[in-house]
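Below: one structure, written as structure tokens.
Numbering starts at 1 and runs along the sequence shown. Remember, it's a predicted structure, so these values are computed and weren't measured experimentally.
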Amino acid sequence: ADGGDAELELSATRHQPEGLERLLARTKFTKKELQSLYRGFKSECPSGLVDEETFKLIYSQFFPQGDASTYAHFLFDAFDADRNGALCFQDFVIGLSVLLRGTVQQKLKWAFNLYDINKDGYITKEEMLEIMKSIYDMMGRCTHPTLRDSAPAEHVELFFQKMDRNGDGVVTFEEFLETCQKDEDIMSSMQIFENVI
């Protein structure tokens with residue numbers, strides 16, 4: 001009887017994914033791709049949910065040369081659409097679909113959300129600097145040429161001058177979108193996301 005109870009408890013705590021049909025409609029993945037992603041997700045996360053610490057551990061494996069924990073924290077927040085502190089398969093696969101197969105506008109909206117740390121609809125210079133520092137930390141000290149400590153701040157200054165079109169000290173999504181789409185340098189540096197995801 002004990003075995004049966006444990007089994008029941010386990011199945012009750014497992015997070016059931018959204019129906020395959022709904023995910024097919026909400027993502028740009030095929031049925032086969034979704035099934036394969038789900039198998040991978042379940043083998044890494046048998047409970048069906050990933051907390052932030054687990055996410056950081058998994059993500060850090062891709063960047064052994066640096067400290068990815070801060071960037072992984074921001075990334076986790078961007079994936080955690082319902083802000084409940086855990087990623088389920090839907091959160092993960094919907095975010096991944098945007099990043100890998102989304103339109104330029106969808107990718108930029110996702111990037112804007114990543115930079116907008118407090119989710120108030122604006123990016124401040126401080127928020128942008130926090131993200132930029134976390135990217136530099138993650139890339140580690142072995143980048144060539146070696147980066148100066150002031151590099152993230154200089155990067156942000158440049159970005160911000162271009163983006164804050166009305167000079168009010170914050171960047172709205174409209175400003176972000178307009179600047180990114182018009183500026184080849186920014187568009188190419190936005191490719192960072194495809195490289196670090």
- Query: Within 45 degrees of the axis of the six-membered ring of Phe76 and under 6.0 Å from its centre: does Lys56 put its NZ or CZ there?
  - Reply: no

- Message: Within the 3.5 Å criterion, strictly below it, is a donor on Asp137 or Ser134 matched to an acceptor on the partner's side chain?
- Response: no

- Is it true that Val170 and Met163 fall in one hydrophobic cluster, defined by side-chain heavy atoms closer than 4.5 Å? no

- Would Trp110 and Tyr115 count as a close aromatic pair, with their ring centres under 6.0 Å? no

- Item | Geometric class of the Tyr136/His155 ring pair [parallel <30°, tilted 30-60°, perpendicular >60°] | perpendicular

- Ignoring hydrogens and angles, tell me if any N or O in the side chain of Glu127 forms a donor-acceptor pair with the backbone of Ile117 under 3.5 Å. yes

- Working for side chain to side chain contact (heavy atoms under 4.5 Å, CB included), residues Tyr71 and Tyr59: CA-CA 9 Å; Tyr71 185 73; Tyr59 196 75; 3.5 Å; yes

- In short, Phe55 meets Val50 closest at the heavy-atom pair N-CG1, 3.6 Å

- Message: Please give me the minimum heavy-atom distance between Ala86 and Leu49, naming the atom from each residue.
- Response: CB-CD2, 4.2 Å

- Mind checking whether Leu99 and Phe79 have side chains closer than 4.5 Å, heavy atoms only? yes

- Query: Between the main-chain N or O of Asn166 and the side-chain N or O of Glu175, is there a donor-acceptor pair closer than 3.5 Å?
  - Reply: yes

- Query: Can you list the steps and then say if Glu157 with Lys125 is a salt bridge (Lys or Arg N to Asp or Glu O under 4.0 Å)?
  - Reply: CA-CA 8 Å; Glu157 249 342 290; Lys125 204 177 277 188; 3.2 Å; yes

- Task: Enter the distance from Ile58:CD1 to Glu53:CD here, rounded to the nearest 0.5 Å.
- Result: 11.5 Å

- Task: For residues Thr179 and Arg165, report the shortest heavy-atom separation together with the two atoms involved.
- Result: OG1-NE, 3.2 Å

- Task: Would you check if the side chain of Asp183 reaches a backbone N or O of Cys180 as a donor-acceptor pair within less than 3.5 Å?
- Result: no

- Heavy-atom pair with the smallest gap, counting every atom of Lys119 and Leu114: NZ-O, 4.4 Å

- Can you establish whether the number of heavy atoms outside Gln35 located under 6.0 Å from its atom CD is more than 12? yes

- Query: Taking NZ, NE, NH1 and NH2 as the nitrogens, is one of them in Lys28 or Glu33 under 4.0 Å from a carboxylate oxygen of the other?
  - Reply: no

- Please report the closest heavy-atom contact between Gly85 and Asp80, naming both atoms and the distance. N-OD2, 2.8 Å

- Can you tell me if Asp91 uses its side chain to pair, donor with acceptor, with the backbone of Gly95 under 3.5 Å? no

- Item | Check: Asp164 side chain, Val171 main-chain N or O, donor-acceptor pair, under 3.5 Å | no

- So, does Gln106 use its side chain to make a donor-acceptor pair with the main chain of Thr103 at under 3.5 Å? yes

- Heavy-atom pair of closest approach, residues Phe112 and Ile123: CD1-CD1, 3.3 Å

- Message: Do Val93 and Phe41 make a side-chain contact, defined as non-hydrogen atoms from C-beta onward lying under 4.5 Å apart?
- Response: no

- Task: Please list, chain by chain and in numerical order, all residues satisfying ring-ring contact (aromatic ring centres under 6.0 Å, His included) with Tyr122, sequence neighbours excluded.
- Result: none

- Query: Counting only N and O atoms by type, is there a donor-acceptor contact under 3.5 Å from the side chain of Ser43 to the main-chain atoms of Gly40?
  - Reply: yes

